[in-house]
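A short worksheet on the structure shown next.
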Amino acid sequence: MTITETPFAGGIVGEARLRKEDPALLTGEAKFIDDLDLPGALWVACVRSPHAHARINGVDTSEALAVDGVVAAYSGEDLADTWVAPLPCAWPVTDDMNNPAHFPVAQGKANYAGDIVAVVVATSRYAAADGLEGVVVDYEPLDAVVSIEDAESDRVVIHEDLGTNVSYEWPLIPDPEGVDAAFEAATHHITETYVHQRLIPAPMEPRGVAVVPAPHNGDMTLYSSTQIPHVLKVMAALTLGVPEQKLRVIAPSVGGGFGCKLNVYAEEILCMALAQRHGVPVRWTESRTEAAGSTIQGRAQRQTIELAADADGKLTAVRATLLADMGAYLQLVAPGVPLLGAFLYHGLYDVPLYSFTCKSVFTNLTPTDAYRGAGRPEATYAIERGMDALAVAVGVGADEIRSRNFIPTEKFPYDSPAGLVFDSGNYQPALDRAKELIGWDARMAEQAERRAAGSTTHLGIGISTYVEMCGLAPSRVLASLNYGAGGWESATVRVLPTCKVQVVTGATPHGQGHETCWSMIVADRLGVDPDDVEVLHSDTAISPLGMDTYGSRSLSVGGTAIWMATEKVVEKAATIAAHMLEANPEDLELTGGVFSVKGSPDAEVPLAGVAFAAFTAHDLPDGVEPNLQAQVTWDPPNFTFPFGAHIAVVEIDEVTGAVDLIDYAACDDCGNQINPMIVEGQIHGGIVQGVAQALWEEAVYDEDGQCRSANLADYLVPSAAECIDMKLDHTVTPSPTNPMGVKGIGEAGTIASTPAVMNAVVNALRPLGVTGMAMPASPMTVRRAIEAAGGGAS
Amino acid sequence: MIPAAVGYVRADSAEAAVAALGEHGDEAKLLAGGQSLIPLMRLRLARPSVLVDMGRAEDLRGISVDGDTVSIGALTSHSALEHSVELAAACPLLAHVASQVGDPAVRHRGTLGGSLAHADPASDLPAAVLALGGTLVATGPGGSREIAASDFFTGFLESALASDEVLTTVHLPVSTGGWAYQKFNRRAQDWAIVGVAVAEGGAGVSLVNMGSTPLRAAAVEAAVAGGAGASDAAAVAADGTEPPTDNNADGAYREHLVRVLTERALVAAGA
Ligand SMILES: Cc1cc2nc3c(=O)[nH]c(=O)nc-3n(C[C@H](O)[C@H](O)[C@H](O)COP(=O)(O)OP(=O)(O)OC[C@H]3O[C@@H](n4cnc5c(N)ncnc54)[C@H](O)[C@@H]3O)c2cc1C
């Protein structure tokens with residue numbers, strides 16, 4: 001494979017161009033949900049269960065109704081007839097998966113602290129909040145199931161009708177006997193157990209919903225701070241029985257999502273129902289503290305990974321066993337989240353035999369679902385921590401153990417033991433480059449010196465290499481996983497009469513920079529100014545077809561659709577230009593916005609002339625329709641498999657246990673890059689988000705299922721002050737899966753950085769006898785681990 | 001989070017603030033920088049009937065040095081303390097501690113008086129004022145009285161101020177002897193998990209987040225006065241404390257930390 005293959009010739013793709021989106025965002029001109037001016041709108045406030053598990057013996061709203069400004073108040077029973085179907089779970093991973101009925105307002109029982117048990121509708125947000133205090137709920141608290149182990153034991157069954165807390169078990173064991181035999185024959189058998197704590201996604205903008213009904217014809221517009229207006233439209237129509245053609249969904253400016261806005265939430269359906277009922281606009285804005293209970297959470301699983309290896313440390317089999325926490329109900333794609341990692345527990349290593357099993361259980365906690373990386377950070381964590389343990393057992397370096405096991409470059413496309421085909425890869429150069437960036441040898445020498453000097457400030461160096469599968473996804477593969485939707489993306493490219501361009505995309509940006517990238521792709525090919533390309537999105541009336549943004553899919557799926565639609569437009573324009581120049585379309589080339597005939601430099605017509613001719617339609621070739629536009633729906637044949645190597649360096653104060661991240665290097669490969677600045681931004685943010693799991697963030701629950709980290713003073717999202725300069729570089733191994741040779745990069749940083757940091761932490765402390773560490777590696781956790789290992793100066 | 005309805009009056013001087021408190025009674029609350037009060041109101045944990053906004057009471061703002069005494073108006077912001085040239089010369093500990101509070105936005109709004117009156121054991125500035133042996137001036141309908149910092153903090157979020165009194169001024173001795181502040185936290189903007197302030201080479205030592213009030217570490221001070229070295233003096237730092245347990249630390253870890261940090265602070269302060 002050629003490493004530098006690129007289909008772009010226009011000189012625009014590949015430039016680090018500033019983002020089109022930013023002026024509006026930075027000047028406050030961008031409108032988020034809460035900025036919408038909706039005269040006459042009623043505000044909704046939700047009464048949320050303070051108990052993790054309680055029977056609801058009665059809801060008395062009479063005092064709330066007496067509050068000034070309160071218009072109505074409803075219990076779950078009051079609204080029971082409103083729902084045509086429960087809230088959707090679109091990923092029934094097995095045919096016998098247990099999926100408890102989940103309604104927007106709980107009926108009879110509250111199953112987590114934050115479960116909605118009643119709603120208040122009022123003329124202002126303040127009156128609605130006052131009304132909350134007037135709703136009296138008669139709760140009968142029940143024992144709460146907080147840990148996954150307790151859940152698995154069925155000591156308390158949360159959903160009585162199911163008879164168990166287990167939602168499903170999902171195995172992927174192509175050759176069970178082979179795996180067993182490999183473990184029997186192995187020289188090294190590593191068994192490690194890791195816990196991924198629950199994480200609270202914390203986008204800058206919490207969620208919000210506004211619904212505007214049109215009183216006369218049944219039309220309804222749902223505004224939501226969502227990543228998925230298109231998916232939401234389908235699901236909302238099904239849940240509420242609103243005719244889909246009457247429903248328009250708009251995601252205005254959305255202040256981040258990280259997966260937590262890839263959902264269909266109670267509040268969205270609830271506001272639609274209340275808008276229908278009251279015939280006026282209805283809105284709800286989530287507060288930060290509310291979000292800690294009402295928005296999905298991430299990770300939350302226990303994993304055991306076993307590695308079988310020969311005497312040289314060459315892997316012969318990998319076995320992963322998961323116990324995953326779904327929370328109280330199944331949200332939109334929750335059951336599938338562990339499965340997005342199911343194929344990757346052997347990482348980027350060439351392993352012949354593979355076994356994966358996942359059991360998922362219900363707890364009395366906020367539902368979990370996709371959170372940046374969804375399944376792949378977990379998988380990468382397990383294999384990359386495991387590889388460090390193997391390196392120690394074999395007695396080689398963390399770099400060497402990886403190099404010995406990388407899938408060799410000549411094996412691509414690689415048939416993975418889990419049944420995937422890895423599109424392209426070239427792993428060793430990425431690791432070499434990351435080592436160079438971090439100054440590997442010097443760092444190792446520094447570590448040895450400190451150890452020899454008996455320093456109590458330990459230096460730790462941790463590697464994580466990774467490969468991930470993204471670009472969701474081939475629809476047929478999704479079908480084989482029982483996923484309830486396809487993985488295509490739609491695009492329209494329209495050259496207007498004045499040669500300005502409109503692009504319509506079904507991908508739904510919420511901070512990524514699609515407008516910038518899409519306009520670069522189109523401008524590069526058409527030879528127009530990127531500023532003359534307008535990207536339209538996030539409104540189902542303007543962009544009726546789409547599968548939205550998650551799973552690092554937008555560029556490799558949505559961007560490819562843009563590319564293909566642009567090609568179609570060029571093809572049509574060439575037909576018209578050829579007619580104008582009395583030449584053959586095949587002899588034309590489009591460069592710098594001008595069609596010319598190869599070999600006769602004088603015969604040329606600008607695209608602008610063609611666009612106008614297409615508009616007037618006075619003299620088009622026979623059979624050619626007026627106007628220059630093309631629509632394409634692209635369903636990719638495979639995922640894309642970006643990869644890379646990250647190295648973290650930490651310093652640990654043995655006395656206090658404080659961990660300080662002091663250096664970080666990463667070499668990532670996402671194939672061809674459209675805008676390297678945006679790629680770098682994704683990697684920066686991703687790395688910090690992954691480091692946050694390693695060092696700071698944790699949704700802390702007490703034994704009653706109460707969240708003890710429900711605000712940003714207690715839930716430790718890192719700020720700029722905690723970030724360090726990162727040394728970034730990339731290699732380029734284009735994907736053969738799509739014509740642009742691109743791969744996703746939205747989640748890579750998060751996937752790689754958590755294990756890199758944790759490997760560094762354990763690496764630092766091995767001389768003290770420490771062999772493992774729970775996340776987050778808080779000072780107290782680290783100090784306790786040192787003490788437990790029998791060491792630690794005081 | 002949406003606060004409950006609240007009345008609002010402006011008091012543009014200390015006198016006006018005292019008068020407003022008298023007029024609106026026990027349920028009225030003074031509003032200084034709002035960095036502690038407003039979050040409590042948004043959670044509806046505080047529900048004052050009336051806010052008495054002192055934001056424009058210029059007579060309560062400012063830093064002056066007169067001989068051996070530094071006087072600071074209660075409404076002086078953390079940021080003003082942090083950047084004051086006079087304070088850096090006369091009382092560098094306080095200026096430094098102010099720079100360690102929260103983040104820049106919090107330091108621009110939050111005030112010294114608010115921080116003291118709020119009496120949070122996890123706050124930085126009360127510990128500094130304790131270690132420095134400050135004197136607080138409270139002004140009520142009957143005039144002003146002085147309260148020693150060591151008598152000021154009476155319980156968790158409770159101070160010696162009466163509900164009709166305004167904290168107007170903080171007096172501190174000029175203090176240029178060895179000083180240090182050790183603040184241990186996980187993110188730059190966070191409250192201290194444990195903090196230790198040392199003034200005058202160990203003559204004044206105080207502890208943050210080691211009990212229900214900001215604490216003076218009398219045992220450490222006595223050990224230093226008796227000639228103990230940093231390590232020996234620090235060994236008694238946790239004596240008599242009742243540290244809280246939260247997500248970041250349990251009591252035993254806090255006791256360990258306070259000994260470590262006290263030793264480091266004493267060493268840095270030249271004890
Ligand atoms: C994000 C964040 C981070 C923070 N981090 C830290 C930190 O790291 N360390 C730290 O120490 N603090 C921290 N704080 C708190 C901050 O320092 C506050 O400014 C301080 O605690 C209160 O001062 P204020 O002027 O804002 O008081 P306000 O919030 O206005 O008032 C607090 C209380 O004191 C009373 N009060 C105020 N002024 C007077 C007065 N002159 N006389 C009598 N009573 C008065 C009020 O009635 C109220 O009860 C943080 C705050 C925030 C929001």
Side-chain angles (χ1 to χ4, degrees), chain A residues 43 45 67-69 122 124-133 285-290 456 653-660 692 695-702 707-723 776-784 787 792-794, chain B residues 1-6 35-36 39-45 47 99-100 102-106 120 122-123 182-196 231 234-235 237-238 243-265 267:
Chain A
W43 283 85
V67 171
D68 226 17
S124 75
R125 195 174 178 196
Y126 283 78
D130 290 343
L132 286 185
E133 297 183 331
T285 300
E286 186 180 54
S287 82
R288 182 67 65 183
T289 306
E290 191 176 23
T456 55
D653 178 347
E654 168 183 335
V655 182
T656 60
V659 178
D660 202 7
L695 297 183
W696 296 294
E697 295 186 15
E698 178 179 23
V700 180
Y701 284 90
D702 66 16
C707 184
R708 297 295 178 206
S709 53
N711 60 59
L712 295 181
D714 294 326
Y715 187 78
L716 306 184
V717 177
S719 73
E722 280 68 51
C723 298
S778 74
M780 181 166 73
T781 299
V782 171
R783 172 69 193 176
R784 290 276 152 82
E787 286 170 357
S794 56
Chain B
M1 298 265 90
I2 303 293
V6 62
Q35 299 301 291
S36 295
L40 289 176
M41 288 173 63
R42 289 172 71 97
L43 291 164
R44 298 195 174 203
L45 294 172
R47 309 181 73 134
S99 77
Q100 300 300 297
D103 54 39
V106 170
D120 184 341
S123 284
Q182 285 278 328
K183 178 172 181 172
F184 189 84
N185 58 10
R186 294 173 64 189
R187 296 178 304 179
Q189 80 233 41
D190 286 334
W191 273 267
I193 295 171
V194 174
V196 179
S231 161
T245 289
D246 56 28
N247 293 350
N248 289 317
D250 60 19
Y253 178 63
R254 278 200 162 85
E255 290 180 10
H256 166 70
L257 272 183
V258 82
R259 287 188 290 266
V260 173
L261 299 177
T262 300
E263 181 176 346
R264 290 179 182 180
V267 169

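Just so it is clear: chains get the letters A, B, ... in the order the sequence lines come, proteins before strands, and each one is counted from 1.
Heavy-atom distances place the backbone of Leu695(A), and not its side chain, under 4.5 Å from chain B. Heavy atoms of Val700(A) lying under 4.5 Å from chain B belong exclusively to its side chain. Interface remark: Arg288(A) contributes no atoms to any contact with chain B (heavy atom separation under 4.5 Å). Residue Thr285(A): no heavy atom, backbone or side chain, is found under 4.5 Å from chain B. For chain B, the nearby part of Pro718(A) is the backbone; its heavy atoms alone come within less than 4.5 Å. Only the side chain of Thr289(A) comes within contact range of chain B, with at least one heavy atom under 4.5 Å from a heavy atom of that chain. Contacts of Asn248(B) with chain A are made by both backbone and side-chain atoms, with heavy-atom separations under 4.5 Å. In this structure, chain A has no heavy atom under 4.5 Å from any part of Pro39(B). Only the side chain of Arg44(B) comes within less than 4.5 Å of a heavy atom in chain A; its backbone stays farther off. Contact annotation for Asp250(B): both backbone and side-chain heavy atoms come within less than 4.5 Å of a heavy atom of chain A. Looking at Asp660(A), neither its backbone nor its side chain comes within 4.5 Å of chain B, counting heavy atoms on both sides. For a residue to count as touching a neighbouring chain, one of its non-hydrogen atoms must lie under 4.5 Å from one of that chain's; by this rule Leu43(B) touches chain A with the side chain only.
The 12-atom threshold is not exceeded at CG of Asp68(A), counting heavy atoms of other residues, nucleotides or ligands nearer than 6.0 Å. Within a 6.0 Å radius of CZ in Arg187(B), more than 12 heavy atoms belonging to other residues, nucleotides or ligands are found.
A distance of 8.0 Å separates CE in Met780(A) from OG1 in Thr245(B), rounded to the nearest 0.5 Å. For the atom pair CH2 (Trp191(B)) and CG (Asp714(A)), the distance works out to 9.0 Å, reported to the nearest 0.5 Å. Note that the CE atom of Met1(B) and the CG atom of Asn711(A) stand 10.5 Å from one another [nearest 0.5 Å].
The two residues Ile2(B) and Ala129(A) come nearest to each other via the heavy atoms CB-CB, 3.6 Å. Between Arg708(A) and Asn247(B), the closest heavy-atom pair is O-ND2, 2.7 Å. The shortest non-hydrogen separation linking Ala4(B) to Asp130(A) is CA-OD1, 4.4 Å.
Residues Pro776(A) and Arg186(B) are in side-chain contact: their nearest non-hydrogen atoms beyond the backbone lie under 4.5 Å apart.
Heavy-atom pairs under 4.5 Å with chain B were tallied for Leu716(A), Val717(A), Thr656(A); the largest tally goes to Leu716(A). Here Arg264(B) is the residue among Arg259(B), Arg264(B), Gln189(B), Arg42(B) with the most heavy-atom pairs under 4.5 Å with chain A.
The side chain to side chain donor-acceptor pair (under 3.5 Å) test applied to Arg783(A) returns Glu787(A), His256(B), not counting sequence neighbours. Scored by the side chain to side chain donor-acceptor pair (under 3.5 Å) test, Tyr126(A) finds no partners at all (sequence neighbours excluded).
The backbone N or O of Ala188(B) sits less than 3.5 Å from a side-chain atom of Glu722(A), completing a donor-acceptor pair.
Of the charged side-chain nitrogens involved, at least one lies within less than 4.0 Å of a carboxylate oxygen, so that Glu133(A) and Arg47(B) count as a salt-bridged pair.
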